[in-house]
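Positions are given from 1 along the sequence. Just so you know, these numbers come straight off a predicted model, no measurement behind them.
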Amino acid sequence: MDIELARTFLEIVSTGSFARAADRLHVSQTAVSARIRALESQLGRPVFVRNKAGAVVTAAGEKFLRYAPTIVQMWERARQDVGAPSGRRAMLAIGAELALWNPLLLNWLFWMRQSASDLAWRVQVGVQDVLTHQVAEGVLDVAVMYAPQNLPGLTVEQVLDEKLVLVTTNPGQPISDATDYVYIDWGPDFAMQHGVSFPERASPSVVMGLGPLGLSYILDAGGSGYFRMSSVRPLLVSGRLSLVAGAPEFPYPAYAVYATQGDAKVLETALTGLRHVAARL
């Protein structure tokens, strides 16, 4: 089977539409339709029913959905293993959201270097949607992120019980007078909880979409904001930042996402290291 047929099938299942699948795959809708016709011809059954709302999986499509993720993932796994450097038993592809590169991803890589030297690895950072789809397609073996999608063929495991805390460079300033407050966009759940706790800050004057950038900013310019405890803990110990007394804390767990039918030996090595370093943050 042409792997692109299974890949296209999964994209339609994920998006619910031939048109949206075509956009994600960067091909024409005609090409998507042709691939599904080819797939249905090989299977001898229709896999989608198209209607005004999009595309609905048929009974035959539901059965194929049990196997399609494994087909794509095994192909990518084989392609990567064939290309593994001489002397290494396998190639491990891992990814993480940008906000997680320090310290979680960095510590994970240090652990891999010391405890899994027989593996070659490829590392990338990115956004949650892209990382999730790359795991689903087998491009990545495992990725760490904050709000993963539940896609067919994937296992989601919480690895870090993180929380967001309010810190400041000016510990003497009352929480109600924080005119130098920086709002970090930690996603919709944080926005909702933040809005309930701080209705007076519904329209902050400074908004940043990246936690590490916001942290560097307040360290240099002064100010306050919500950040991950694991990233500010050393700064609290050194005295460069202080916790704002009485401020609410918000849960912000991180998850590992990996293929349910992935290479068990390689995955277990990687996950053992990830759990080890996450438990020490």
Side-chain angles (χ1 to χ4, degrees), residues 94-108 111 125-132 135 142-151 154-169 171 174-176 178 181-204 206-219 223-237 240-258 270-281:
I94 62 178
E97 282 196 56
L98 184 58
L100 281 164
W101 82 267
N102 188 19
L104 182 62
L105 178 59
L106 193 59
N107 290 350
W108 189 16
W111 186 94
V125 294
V127 297
Q128 172 259 322
D129 285 349
V130 173
L131 292 172
T132 303
V135 176
V142 57
V144 189
M145 62 195 74
Y146 287 116
Q149 297 173 276
N150 284 304
L151 296 181
L154 299 187
T155 295
V156 177
E157 174 188 337
Q158 182 175 329
V159 293
L160 185 62
D161 189 18
E162 183 69 277
K163 60 183 178 180
L164 299 171
V165 296
L166 184 57
V167 296
T168 181
T169 57
I175 187 173
S176 58
Y181 179 73
V182 177
Y183 178 87
I184 308 298
D185 183 4
W186 293 108
D189 288 345
F190 171 74
M192 180 181 66
Q193 296 174 86
H194 185 275
V196 171
S197 299
F198 302 100
E200 73 280 6
R201 295 181 186 169
S203 301
V206 180
V207 179
M208 296 191 182
L210 182 63
L213 175 61
L215 185 56
S216 295
Y217 174 82
I218 70 165
L219 287 172
S224 60
Y226 270 93
F227 299 94
R228 294 173 295 117
M229 175 58 88
S230 61
S231 66
V232 299
R233 186 176 286 112
L235 299 166
L236 295 172
V237 173
R240 295 189 68 189
L241 290 175
S242 298
L243 286 171
V244 176
E249 299 177 348
F250 304 118
Y252 201 59
Y255 301 85
V257 181
Y258 51 92
L271 291 170
T272 296
L274 179 58
R275 294 168 189 141
H276 175 84
V277 300
R280 283 155 178 75
L281 291 180

query: Under a 4.5 Å cut-off applied to non-hydrogen side-chain atoms, are Leu210 and Leu98 in contact?
result: yes

task: Evaluate the side-chain proximity of Ser230 to Pro103: yes if any heavy-atom separation is below 4.5 Å, no if none is.
output: yes

field: With sequence neighbours excluded, residues passing salt bridge (charged side-chain N to carboxylate O under 4.0 Å, His left out) with Arg275
entry: Glu157, Glu268

Nearest heavy atoms of Met229 and Val165, plus distance in Å: CE-CG1, 3.8 Å

field: Glu249 CD to Leu164 CG distance, which is reported to the nearest 0.5 Å
entry: 9.5 Å

statement: In terms of heavy-atom contacts, Arg228 and Asn102 come closest through NH2-O, 3.3 Å

message: Let me confirm one number: the CG-OG distance from Leu166 to Ser242, rounded to the nearest 0.5 Å.
response: 11.0 Å

query: Can you tell me how far the OG1 atom of Thr155 sits from the OH atom of Tyr258, to the nearest 0.5 Å?
result: 5.0 Å

message: Does Leu274 form a side chain to side chain contact (heavy atoms under 4.5 Å, CB included) with Ile94? I'd like the steps, not just the answer.
response: CA-CA 11 Å; Leu274 179 58; Ile94 62 178; over 6 Å; no

query: Given Leu235 and Val167, is the side chain to side chain contact (heavy atoms under 4.5 Å, CB included) satisfied, shown in steps?
result: CA-CA 10 Å; Leu235 299 166; Val167 296; over 6 Å; no

- request: Could you pull out the closest heavy-atom pair between Leu243 and Leu236, with the gap in Å?
  value: N-CD2, 3.7 Å

- request: Of all the heavy-atom pairs spanning Val156 and Pro148, show the shortest one and how long it is.
  value: CG1-CG, 3.6 Å

- line: Those residues at least two apart in sequence (or on a different chain) that pass side-chain hydrogen bond (donor to acceptor under 3.5 Å, both in side chains) with Tyr181 are His194

statement: For Gln158, the side-chain contact (heavy atoms from CB on, under 4.5 Å) test, sequence neighbours excluded, returns Asp161, Pro253, Tyr255

message: Between Arg240 and Thr169, is the side chain to side chain contact (heavy atoms under 4.5 Å, CB included) condition met? List the steps.
response: CA-CA 7 Å; Arg240 295 189 68 189; Thr169 57; over 6 Å; no

message: So, using side-chain hydrogen bond (donor to acceptor under 3.5 Å, both in side chains) as the criterion, who are the partners of Glu97 when residues are at least two apart?
response: none

Under 3.5 Å, which donor-acceptor pairs do the side chains of residues 183-191 form with other protein atoms, sequence neighbours left out?
| residue | atom | partner | partner atom | Å |
| --- | --- | --- | --- | --- |
| Asp185 | OD1 | Gly187 | N | 3.1 |
| Trp186 | NE1 | Tyr226 | O | 2.9 |

query: Please walk me through it: do Leu100 and Trp108 pass side chain to side chain contact (heavy atoms under 4.5 Å, CB included)?
result: CA-CA 11 Å; Leu100 281 164; Trp108 189 16; over 6 Å; no

field: For Leu131 against Gly126, the heavy-atom pair lying closest together
entry: CD1-O, 3.7 Å

query: Of all heavy-atom pairs between Val144 and Ala254, which one has the smallest distance, and what is that distance?
result: CG1-CB, 4.4 Å

- prompt: Would a distance-only check, ignoring hydrogens and angles, find a side-chain to backbone donor-acceptor pair under 3.5 Å from Gln128 to Ala147?
  reply: yes

- request: List in chain and number order the residues that pass side-chain contact (heavy atoms from CB on, under 4.5 Å) with Ser197, two or more places apart in sequence or in another chain; answer none if no residue qualifies.
  value: Pro248, Phe250

